[in-house]
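Everything on this sheet refers to the single structure shown next.
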Amino acid sequence: MAMATSAPSSSIKPFFPPFFSSSNPSSSSQSSLLSFLRSTASTSASISLKLTSSSSNSIPRSFSINAALKTALETSQSSVSNFQNDAVSSELKPTILVSEKLGDAGLKVLRGFGNVECCYDLSQEQLCEKISECDALIVRSGTKVTRQVFEAAKGKLKVVGRAGVGIDNVDLQAATEFGCLVVNAPTANTVAAAEHGIALLTAMARNVAQADASMKAGKWLRSKYVGVSLVGKTLAVMGFGKVGTEVARRAKGLGMNVIAHDPYAPADRARAIGVELVSFDEALASADFVSLHMPLTPTTDKIFNDETFAKMKKGVRIINVARGGVIDEDALVRALDSGIVAQAALDVFTQEPPAKDSKLVQHENVTVTPHLGASTKEAQEGVAIEIAEAVVGALQGELSATAVNAPMVPPDVLSELAPYVVLAEKLGRLAVQLVSGGSGIKSVKVIYRSARDPDDLDTRILRAMITKGIIEPISASYVNLVNADFTAKQKGLRISEERVVVDSSPEFPVDSIQVQIYNVDSKFASAVSENGEISIEGKVKYGTPHLTCVGSFRVDVSVEGNLILCRQIDQPGMIGKVGNILGEHNVNVSFMTVGRTLRRNQAIMAIGVDEEPNKDALKEIGNVSAIEEFVFLKL
Ligand SMILES: NC(=O)C1=CN([C@@H]2O[C@H](COP(=O)(O)OP(=O)(O)OC[C@H]3O[C@@H](n4cnc5c(N)ncnc54)[C@H](O)[C@@H]3O)[C@@H](O)[C@H]2O)C=CC1
Ligand SMILES: O=C(O)C(=O)COP(=O)(O)O
């Protein structure tokens, strides 16, 4: 008879229930309040799940993970305030470092949740030194969040919030590798940036800045500062996203002919506001004014250079409120000197602040502002609230709608998938414990059976949770939604997915999830299917995850607590025998089912137990003569 023990399971309660849970060993020395917050948060979330699901015999479509998380947040917040009389309380709250000026309304939201430290103008060294004490970091465009910062965080940093749009100052690859979520505030400063673009466009066309400076120097130069008119001129908006669209709208109001280039923008959205989408070269060849609104990426880096300036109309005027790096600044100086570019108005620079003697900044045909695009009172209050809520939400485990390096799952999809997310992680955790040795897993297949069209099922979050379930019990890695795919790749674990349409109720997103592990030995031979792979399957029943198939045996056991799987000769009295042993050792049985192949042939008994049986209890179970093999699994 084979007896097997389980692989160690992660027993640390998640601080980030349920999607960003971190059992990072390097951050396991969290303070007691943090541990408390973790446990209360996750408990509240699960209580909320149970209450909702118990009210109906079907999985409620109104199931709201956000509500569950909100409950968790409220519990945590009141827990925090309960601790406020404690002299050491402030040291025990999550620490949020704000490294650049943030609007008061946002700071208020943050202070209601954590310990907020505002430290502006930190050097890289100072930031690296401080970051290992911080759970979250909030930045604007001036802080470089480099790989060194993530390394220095030693796993403590869970969220970086960018109070604005551009995330080119954050090393996203490093953030992902370290499982750190990056969120931004992509909408609150759109209008401010667009208005600043228009301000620069009009100021440049009428030499406002130069004329102002000359008057302040005591001059009256009316003929020197004759400008150009905008009406009837062609403006090329390069990057027809949020800001570009708002600039286009306003420029139309000024009577300009607006064209746009954006390889990813839908033509009908442009057409709807009377803008024609054209190719890059066409935009350059026909524009009198070119306004830049694309992000800085490896593709757009220095996309405006000697070659592209040469394609522009002589005397073109350029506005840049996007990122300095999209222009080769030396090439722009050359184009200004040669007259290809008549004027430029720039809010952003490759290096910020630029060198004092920068030829570009000093050029008489250039109007500059010190990265003021987002700097209106309204925009700053807006981004501050947007980012504060996103960071607090992320610290509570909410899947942010503005996550930059994790799958964005719309709230309604998330709410519907919530119980399947729990099932997915548990199936991964169970399947890996059935592998003998626990290592060498290279190939996993997940089969989702659903009545819905395969295109109508977003499985990214389910795959991430299966990955988490598989990896965490057998390695020191901690896995969350952010780094699941990366960690799987690092470990050489290939997870393929198959979606099978079945004849069940399309009301539910998934009928069953099957996890198969290939080319491994099993410590419980009955979990191996006829085709040779370890195979288990689960379903959500009445809102609760159930294990429904082990190898080729049908079972039905709620996956809560721990599980004992026994294969025995199908004969009367087996349930009683094992139940007695567990009872004698004070182990409470929560569920028990028997699945068999043929009557009086082989059967599998799946027993849910609240406590972990001790060695003696397991030995006694193993000594029952009809039991051929068994395994104890931790969930
Ligand atoms: N100066 C400032 O203070 C501010 C600057 N910004 C910057 O403005 C830019 C745009 O911001 P949003 O409109 O909010 O972003 P967005 O993401 O809504 O729009 C960017 C657009 O650029 C397009 N794009 C990407 N690659 C392109 C390419 N090679 N050629 C043409 N288009 C391309 C995208 O398809 C997208 O439609 C970003 O760089 C952002 O950082 C935004 C706010 C304030
Ligand atoms: O949101 C953006 O992309 C911006 O460039 C605004 O930057 P800031 O927050 O003002 O440093």
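All ligand and atom numbering here is 1-based and tracks the order in the structure.
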- Message: With heavy-atom distances below 4.0 Å as the criterion, list the atoms of ligand 1 near Phe240.
- Response: 37 (O)

- Query: Is there a heavy atom in Glu100 that sits closer than 4.0 Å to ligand 2?
  - Reply: no

- Note on the structure: Heavy atoms of Asp306 and Ala331 approach each other most closely as OD1-CB, 3.3 Å

- Which ligand 2 atoms are under 4.0 Å away from a heavy-atom of Ala163? 9 (O)

- Note on the structure: Nearest non-hydrogen contact to atom 2 (C) of ligand 2 from the set Arg162, His196, His371, Glu352 belongs to Arg162

- Query: What residue and atom, counting heavy atoms only, is the protein's closest point to atom 31 (C) of ligand 1, and at what distance?
  - Reply: Pro263 CD, 3.4 Å

- Query: Between atom OG1 of Thr459 and atom CG of Leu417, what is the distance when rounded to the nearest 0.5 Å?
  - Reply: 9.0 Å

- Task: Answer whether the closest heavy-atom distance between the side chains of Cys119 and Lys130 falls below 4.5 Å.
- Result: yes

- Query: Under 4.0 Å from ligand 1, counting heavy atoms only, is it the side chain of Asp262, its backbone, both or neither?
  - Reply: both

- Of the backbone atoms (N, CA, C, O) and the side-chain heavy atoms from C-beta on, which set of Asn189 has a member under 4.0 Å from an atom of ligand 1: side chain, backbone, both, or neither? side chain

- Heavy-atom contact under 4.0 Å between Gly373 and ligand 2? no

- Note on the structure: Among non-hydrogen protein atoms, atom 8 (O) of ligand 1 lies closest to Ala322 CA, 3.8 Å

- Query: Can Ser141 and Asn169 be counted as having a side-chain donor-acceptor contact under 3.5 angstrom?
  - Reply: no

- Query: Around atom CD of Glu352, are there more than 12 heavy atoms of other residues, nucleotides or ligands at under 6.0 Å?
  - Reply: yes

- From the options Pro295, Gly239, Gly241, select the one whose nearest heavy atom is closest to atom 32 (N) of ligand 1. Gly239

- Item | Nearest heavy-atom neighbours spanning Thr467 and Ala488 | CG2-CB, 3.7 Å

- Where the side chain of Glu117 meets the backbone of Leu97, is there a donor-acceptor pair that is under 3.5 Å apart? no

- What protein heavy atom sits nearest atom 10 (C) of ligand 1, and how far away is it? His293 O, 3.3 Å

- Find all atoms of ligand 2 within a distance of less than 4.0 Å from any non-hydrogen atom belonging to Asn189, and give their numbers and elements. 1 (O), 2 (C)

- Is the closest side-chain heavy-atom distance between Phe240 and His293 below 4.5 Å? no

- Message: Give me the atom names and distance for the closest heavy-atom approach of Val366 to Gln210.
- Response: O-NE2, 3.9 Å

- Query: Heavy-atom contact under 4.0 Å between Thr299 and ligand 1?
  - Reply: no

- For atom 12 (P) of ligand 1, the protein heavy atom that lies nearest, with its residue and separation: Val243 CG2, 3.7 Å

- Task: Just let me know how Ala374 lines up against ligand 2, side chain, backbone, both or neither, with a heavy-atom cut-off below 4.0 Å.
- Result: side chain

- Message: As an exercise, identify every atom of ligand 2 less than 4.0 angstrom from a heavy atom of Gly166.
- Response: 1 (O), 2 (C), 3 (O)

- Nearest-0.5 Å distance, CZ of residue Phe309 to CD1 of residue Ile340: 9.0 Å

- Show your reasoning for whether salt bridge (charged side-chain N to carboxylate O under 4.0 Å, His left out) applies to Arg452 and Glu416. CA-CA 13 Å; Arg452 295 198 189 160; Glu416 194 180 39; 2.7 Å; yes

- Note on the structure: among protein heavy atoms, the one nearest atom 29 (N) of ligand 1 is Thr300 CG2, 3.4 Å

- Message: For Phe150 and Phe178, take the angle between the two ring planes, folded into 0 to 90°, and tell me which bin it lands in: parallel under 30, tilted 30 to 60, perpendicular over 60.
- Response: parallel

- ligand 1-proximal atoms of Phe280, by part, heavy-atom distance under 4.0 Å: neither

- Task: Report yes or no: do Ser99 and Thr143 form a side-chain donor-acceptor pair below 3.5 Å?
- Result: yes

- Message: Show the atoms of ligand 2 that are less than 4.0 angstrom away from any heavy atom in Arg323.
- Response: 2 (C), 3 (O), 4 (C), 5 (O)

- Message: Applying a heavy-atom cut-off of 4.0 Å, say which part of Lys242 lies close to ligand 1: side chain, backbone, both or neither.
- Response: both

- Query: Among protein heavy atoms, which sits nearest to atom 11 (O) of ligand 2, and what does the distance come to when rounded to 0.1 Å?
  - Reply: Ser141 OG, 2.4 Å

- Of all the heavy atoms in Thr190, does at least one lie under 4.0 Å from an atom in ligand 1? no

- Quick one: do Glu246 and Arg250 make a salt bridge, cutoff under 4.0 Å? yes

- Note on the structure: For atom 4 (C) of ligand 1, the closest protein heavy atom turns out to be Val321 O, 3.7 Å

- Query: When only distance counts, is Met238 in polar contact with ligand 1, meaning an N/O pair under 3.5 Å?
  - Reply: no

- At a non-hydrogen distance cut-off of under 4.0 Å, which region of His371 contacts ligand 1 (side chain, backbone, both, or neither)? side chain

- Message: Students should be able to answer this: which protein heavy-atom is nearest to atom 39 (O) of ligand 1, and at what distance?
- Response: Met294 O, 3.1 Å

- Task: Side-chain contact test, heavy atoms from C-beta onward, threshold under 4.5 Å: evaluate it for Glu386 versus Asn184 and give yes or no.
- Result: no

- Return a yes/no value for Ser375: is any of its N or O atoms, backbone included, closer than 3.5 angstrom to an N or O of ligand 2? no

- Query: Which ligand 1 atoms does Tyr264 reach within 4.0 Å, using its non-hydrogen atoms?
  - Reply: 25 (C), 26 (N), 35 (O)

- Honestly, for Ala193 the part within reach of ligand 1 (heavy atoms, under 4.0 Å) is side chain

- Message: Looking at every heavy atom in both Val159 and Val183, which two are closest together, and how far apart are they?
- Response: CG1-CG2, 4.0 Å

- Please lay out, stage by stage, how His196 and Thr369 fare under the test side chain to side chain donor-acceptor pair (under 3.5 Å). CA-CA 10 Å; His196 197 62; Thr369 50; 3.0 Å; yes

- Query: Which of the listed options, Ala283, Ala374, Ser375, Gly166, holds the heavy atom that is closest to atom 3 (O) of ligand 1?
  - Reply: Ala374

- Query: Of all the atoms in ligand 2, which lie at a distance below 4.0 Å from a heavy atom belonging to Gly164?
  - Reply: 1 (O)

- For ligand 1, note which part of Asp347 has a heavy atom under 4.0 Å away: side chain, backbone, both or neither. side chain

- Message: Go through it in stages, so that I can follow the logic: the residues are Arg147 and Glu177, the test is salt bridge (charged side-chain N to carboxylate O under 4.0 Å, His left out), and I'd like the CA-CA distance, side-chain angles, deciding distance and then a yes or no.
- Response: CA-CA 10 Å; Arg147 179 172 287 276; Glu177 287 176 25; 3.1 Å; yes

- Task: With rounding to the nearest 0.5 Å, note down the distance linking CG in Leu284 to CE in Met312.
- Result: 4.5 Å

- Query: To which of Arg140, Lys101, Gln380 does the heavy atom nearest atom 8 (P) of ligand 2 belong?
  - Reply: Arg140

